[in-house]
Amino acid sequence: MQKQKETGWRSIRRRFGRTVTALGLLTSVACTSAQAPASIAGAGLGPGKPDEVSVATWNMCGVRQWSCEHTGGPKDKFQQLRDLIGDSGVRVLLLQEVCSDDLSSSALRLGPEWQSVFEPYANVDAAGARTAIQCTDGGRGRAGFALLAASRLTDVEVIPTEQPTVGLHRGVLCARVPAQGLRVCNAHLSLRDSDDEHPDWDFRDDQLSSLFAAASTDERTVVGGDFNSPPPGQENTAAWIWPPEAYTTYRECDQKGGSRKARPTHTDGTKIDYLFTALPRTGCEVVDTKASDHRPLVMRVSRPTETAPAVPGVSTPS
């Protein structure tokens, strides 16, 4: 963490309150690509080959009180989930800003093979007390982030990360998807001014370092989520938060060669949603939607065939 405030970066809508607790269990399958070929937004990647798997990340904007009242209701968001599964063959989803009851309902409607795991957001006060964030409309449970998959999820763990001393706690949630030979990690990073007591502190550098350290323990890992930051580059005054291995040891879904630029995933025209892996990528898609202020990002990867514990060139944390 650096006590450094980013300037010149337009923040997305402000969020207040959320809690961190664990819920239900859902299953998933993942997807990546070796060249990340461009695809037509909204057209879908179509069915993959038997040796491929598709993974998606999507901030659902499902917590109505967080400026999400004009992004559709639970029915609209569930239909988008179904479209991702049907049009792009997605088997594993990394979800942010989802209500726990909506998640459980979606898993049931998708079928008995679908399972989920949920981690609530937490709002932490000056005394260290944690308060859960409730979705305010219609008793839809708590607000949080989750993994949803079309098969069993195992070895679920919350990765320790630096969080604001006072304010909203997000986090990193990982699990294995044995049916797909993958491990996936869903990250929702802090905004640059998330600490109410120290508004000039930025936690995203430590959070990204923790995320990629978690990925380094298994080369079959796909990491992604809502990073609340554009890619590193001259136009990003907070490029210092990015660890060098993000775009070298690993490759981003939409990455082409050495370029960090990619298609926008937020309605304000920025890219803040990501999928990274060391596995060969075979497809990448940004999906148009009216059911959120974020566009889903879908990556297709070659399904791993052997167990290999660590990513080459990255030391395993002790």
Indicate yes or no: at least one non-hydrogen side-chain atom of W240 is less than 4.5 angstrom from one of D202.
yes
Where the side chain of T270 meets the backbone of I272, is there a donor-acceptor pair that is under 3.5 Å apart?
no
Could you walk me through whether L297 and E285 pass the side-chain contact (heavy atoms from CB on, under 4.5 Å) test, one step at a time?
CA-CA 6 Å; L297 181 67; E285 176 192 20; over 6 Å; no
What is the minimum heavy-atom distance between S229 and Y274, and which atoms define it?
O-OH, 2.7 Å
With distance as the sole test, does R251 use its side chain to make a donor-acceptor pair with the main-chain N or O of G257 at under 3.5 Å?
yes
Contacts of D125 meeting side-chain contact (heavy atoms from CB on, under 4.5 Å) (sequence neighbours excluded), chain-then-number -> A127, A129
Donor-acceptor contact present, side-chain H169 to main-chain P164, <3.5 Å
yes
Any chance you could lay out the side-chain contact (heavy atoms from CB on, under 4.5 Å) test for L148 and W114, step after step, and finish with the verdict?
CA-CA 7 Å; L148 175 65; W114 285 86; 3.8 Å; yes
Begin from the C-alpha positions of V158 and E119 and carry the test side-chain contact (heavy atoms from CB on, under 4.5 Å) through to its verdict.
CA-CA 8 Å; V158 176; E119 185 68 15; 3.5 Å; yes
For R204 and L191, indicate whether the former's side chain and the latter's backbone hold a donor-acceptor pair under 3.5 Å.
no
Write down the atom of A262, the atom of K271, and the distance for their closest heavy-atom approach.
CB-CD, 3.2 Å
Kindly state whether the ring of F276 and the ring of F212 have centres lying under 6.0 angstrom apart.
yes
Under 3.5 Å, side chain of Q207 to main-chain N/O of R170, donor-acceptor pair present?
no
Across all chains, not counting sequence neighbours, the side-chain contact (heavy atoms from CB on, under 4.5 Å) partners of S209 are none
Taking S100 for its side chain and R142 for its backbone only, find out whether a donor-acceptor pair lies under 3.5 Å.
yes
Give the minimum heavy-atom separation between F118 and V98, together with the two atoms involved.
CE1-O, 3.6 Å
Would L110 and I85 count as a side-chain contact (heavy atoms from CB on, under 4.5 Å) here? Give the steps.
CA-CA 10 Å; L110 288 171; I85 294 165; 3.6 Å; yes
Gap separating the CD atom of Q80 from the OG1 atom of T71, nearest 0.5 angstrom
11.5 Å
Can you pull the disulfide bond (SG atoms under 2.5 Å apart) pairs that have at least one residue in residues 90-131, sequence neighbours excluded?
C99-C135
For T165, check side-chain contact (heavy atoms from CB on, under 4.5 Å) against everything at least two apart and list the hits.
D195, E197, H198, W201
Donor-acceptor under 3.5 Å (S259 side chain, K261 main chain):
yes
Answer yes or no: is there a side-chain heavy-atom contact under 4.5 Å between V184 and V223?
no
What closest approach, in Å, do T267 and S292 show between heavy atoms, and which atom pair accounts for it?
CG2-O, 4.4 Å
Would you mind reporting whether T277 and E252 have side-chain heavy atoms less than 4.5 Å apart?
no
Residues passing the salt bridge (Lys or Arg N to Asp or Glu O under 4.0 Å) test with E69, sequence neighbours excluded, are none
Any donor and acceptor pair, going by atom type alone, linking the side chain of Q134 with main-chain N or O of T136 inside 3.5 Å?
no
For R260, side-chain contact (heavy atoms from CB on, under 4.5 Å) partners two or more places apart:
P231, P232, Y247, T248, Q255
Any chance you could lay out the side chain to side chain donor-acceptor pair (under 3.5 Å) test for T289 and K77, step after step, and finish with the verdict?
CA-CA 9 Å; T289 182; K77 298 175 192 299; over 6 Å; no
How many angstroms lie between CG in D87 and CG in L45, if you round to the nearest 0.5 Å?
9.5 Å
What pairs with D273 under side chain to side chain donor-acceptor pair (under 3.5 Å), at least two apart in sequence or on another chain?
T265, H294
With T161, which residues qualify under side chain to side chain donor-acceptor pair (under 3.5 Å), at least two apart?
Q163
Sequence neighbours left out, what passes side chain to side chain donor-acceptor pair (under 3.5 Å) with S105? Give chain and number order.
none
Check: G46 main-chain N/O paired with S88 side-chain donor or acceptor under 3.5 Å
no
D102: partners by salt bridge (Lys or Arg N to Asp or Glu O under 4.0 Å), with sequence neighbours left out:
R140
Residue list, side chain to side chain donor-acceptor pair (under 3.5 Å) with Q96, at least two apart or on another chain:
T57, N186
Tell me which pairs pass disulfide bond (SG atoms under 2.5 Å apart) where either residue lies in residues 148-177, with sequence neighbours left out.
C174-C185
Has K290 got a side-chain atom pairing as donor or acceptor with D76's backbone, closer than 3.5 angstrom?
no
Roughly how far, to the nearest 0.5 Å, is the CZ atom of F145 from the CG atom of L94?
10.5 Å
